[in-house]
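In what follows, a single structure is set out as structure tokens and then discussed.
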Number of protein chains: 2
Amino acid sequence: MKKLINDPADVVKEALAGFAAAHPQIRVDHTHRIVYRAEPARLGKVAVVSGGGSGHEPMHIGFVGAGMLDAACAGEIFTSPVPDQMLVATQQVDNGAGVLHIVKNYTGDVLNFEMAGELATALSGAGNEIQVETVRTDDDVAVQDSLYTAGRRGVGVTVLVEKIAGAGAEQGRPLAEVAAIARRVNENGRSLGVALTSCTVPTAGRPTFELADDEMEVGIGIHGEPGRRREPHATAAEIAELLVEPVVADLPLRRGDTVLAFLNGMGGTPLIEIYLMYGEISRILAARGLTVARSLVGPYVTSLEMAGCSLTLLRLDDELLSLWDAPVTTPALRW
Amino acid sequence: MKKLINDPADVVKEALAGFAAAHPQIRVDHTHRIVYRAEPARLGKVAVVSGGGSGHEPMHIGFVGAGMLDAACAGEIFTSPVPDQMLVATQQVDNGAGVLHIVKNYTGDVLNFEMAGELATALSGAGNEIQVETVRTDDDVAVQDSLYTAGRRGVGVTVLVEKIAGAGAEQGRPLAEVAAIARRVNENGRSLGVALTSCTVPTAGRPTFELADDEMEVGIGIHGEPGRRREPHATAAEIAELLVEPVVADLPLRRGDTVLAFLNGMGGTPLIEIYLMYGEISRILAARGLTVARSLVGPYVTSLEMAGCSLTLLRLDDELLSLWDAPVTTPALRW
């Protein structure tokens, strides 16, 4: 294992130290491993909180800032944060308008966020309750249940949910409405990924799985968990078809629909290949009569050094489009 | 070789197609492989042009936009663009105030940009000459001469030169002044990189160099060309010392100096490791009495899927700082 690390057990702690040094506009609670907006949101704004295992950077810590997340909790690599982290984050960011938890559908994350939400409500004083709503993302069409989930896994759509719900919160909408927007994004988004190589969890010290030199894993999970099937390594054009077809069929998208296309790099694949793949995706979507109104191309939900990519398509309506376009100021997304 | 590509010979062409689809605000001339700002700059603004071999994305194509480059020429992977590309780009973007060429110090790039500059001047009508100034970047302290250069290689500082000179041009400064700013950035910037793994050029189909499982290459070039020495793989803290010491000594930086610290990911290293490394760098710089006024952390000058990082330190003065902070709107840098 060759990595830019010290002790494998200290990776998350030390990466948060570097993140804090690199982004002085963001506040890091090192005790609880929570990343906050340095400028507190205004009174009456719904707070948006997410979090999950580390190793997917920039998700989630890179999405903290105006127009997106108020706080993100960082777990160990590929391991859910604990309820205490989510509780502290929730108590810190509540501004009286309630807190939305955005949770990727993995059993550990779901249970821990659930417990944190219950504790936040129970511990808040009478007449001063913290309202918590939870939205789960489960956009991965690869498998129905998986190693770490009941139901589908939450992957790429999480970025879009965080951005769009964050914009809704910034507009001053009430908690129920922000949660409804977040659910609408999840319901209208689907994803599928492919891996060319494995990732290596630092404390494990060896690749999570083995792939032969001429194989790829279609439907890979973002922790290296198994996908739908192994196939011989194919061309970018063939892989693009493999990714588009199940995503379009599952939603389903119909000729004339307008979408946001998010092509995500898994971490180890160079940007030039991600752009090349996006060219193929874009061509196929046009041939299917779909209009790509917006795109996001690059490594946003990584799996350590895994090589590969994932495609997320989100069916857009005018409101989602306008919330997507709203200003955002975070380390990883900014416009 | 497992990559998200079709025919290895078509990688650059197809990646530009994807880039164009992903960034409709940028115009791509596919015949000449030039990326332009879609909105032409105002009359009287000095135009800033760069370019080089592909495989380093987002450099340079991702830096085209308001406040940075007016055009970027994309060569084949790790191969200089040809003079014709640079000539066409220069003619297209000249607004009457002249054109600055920012050229990384590699023999092919230097000769081709030189020829393009001469042609641009020679071909422009009498009384209507295109003025061209050229600034070479040569910030890599690793080696004095190298496989592809006479003199030092141009690496990470190129991003800073493009940003800061671009801001100067945006302010309406004359060509000589924009060129002087660019030279000042280069003179005050130094870099050093380390690789943990090789890259693989698609048309070659095999790794550019071999590194044992317990080795790293200190002073690596961005095309995988040899560095200073091979060493046993070390901890992040040790690697940070290896990078900081020669950069600080070469400038030299003195206690009390203010710097911009740019920690660059080489392409295959996950962001969590880059943040971790930046924590180490930041700690060492503070211990040496250096003030980090600004930082840039992430993969900006990549070498395909090479794992590793490079450190660039730029000694700042008030003017350079204010030009760095000026607004920029490009696919890869935006604030």
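Chain naming here is simple, since letters A, B, ... match the order of the sequence lines and numbering starts at 1 in each. Treat the numbers as computed from the prediction; the structure is a model and nothing was measured.
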### Task
Decide yes or no on side chain to side chain contact (heavy atoms under 4.5 Å, CB included) for B:Ile272 and A:Ile77, but give the supporting numbers first.
CA-CA 10 Å; B:Ile272 191 169; A:Ile77 303 273; 3.7 Å; yes
Starting at [atom1] of [X], measure out to [atom2] of [Y] and round the result to the nearest 0.5 Å.
X        : Y        : atom1 : atom2 : answer
B:Lys2   : A:Asp213 : NZ    : CG    : 6.0 Å
B:Thr269 : A:Leu304 : OG1   : CG    : 11.0 Å
A:Leu333 : B:Arg334 : CG    : CZ    : 10.5 Å
A:Leu4   : B:Ile274 : CG    : CD1   : 6.0 Å

### Query
Applying a criterion of heavy atom separation less than 4.5 Å, what residues of residues 286-297 of chain B form contacts with chain A?
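From residues 286-297 of chain B, the residues near chain A are B:Ser295, B:Val297.
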## Note on the structure
Among residues 192-209 of chain B, those lying within the under-4.5 Å heavy-atom range of chain A are B:Leu196
Tell me, side chain or backbone of [X] under 4.5 Å from chain A's heavy atoms, or both, or neither?
X        : answer
B:Ser282 : side chain
B:Leu211 : both
B:Ala237 : both
B:Ala332 : neither
B:Met1   : backbone

### Query
Judged by modelled atom types alone, do A:Glu280 and B:Asn6 share a side-chain donor-acceptor pair under 3.5 Å?
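Yes, side-chain donor-acceptor contact under 3.5 Å.
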### Task
Can you see which heavy atom on B:Glu305 is nearest to which on A:Gly268, and at what distance?
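Where B:Glu305 meets A:Gly268 most closely, the heavy atoms are CB-O, 3.7 Å.
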#### Entry: Residue of the set B:His23, B:Glu57, B:Glu14 for which side chain to side chain donor-acceptor pair (under 3.5 Å) holds with A:Tyr275
B:His23
### Task
Report the C-alpha separation of B:Ile5 and A:Glu273 in whole Å, then their side-chain angles, then the decisive distance to 0.1 Å, and conclude whether the side chain to side chain contact (heavy atoms under 4.5 Å, CB included) test is met.
CA-CA 6 Å; B:Ile5 63 173; A:Glu273 294 180 29; 4.2 Å; yes
### Task
In sequence, state the C-alpha distance, the side-chain angles, and the governing distance for A:Val11 and B:Leu276, and then conclude on side chain to side chain contact (heavy atoms under 4.5 Å, CB included).
CA-CA 7 Å; A:Val11 168; B:Leu276 188 152; 4.2 Å; yes
### Message
So for atom CD, which belongs to B:Gln25, do other residues, nucleotides or ligands contribute more than 12 heavy atoms lying within a distance under 6.0 Å?
### Response
yes
### Query
So which part of A:Ala74 gets closer than 4.5 Å to some heavy atom of chain B, the side chain, the backbone, both or neither?
neither
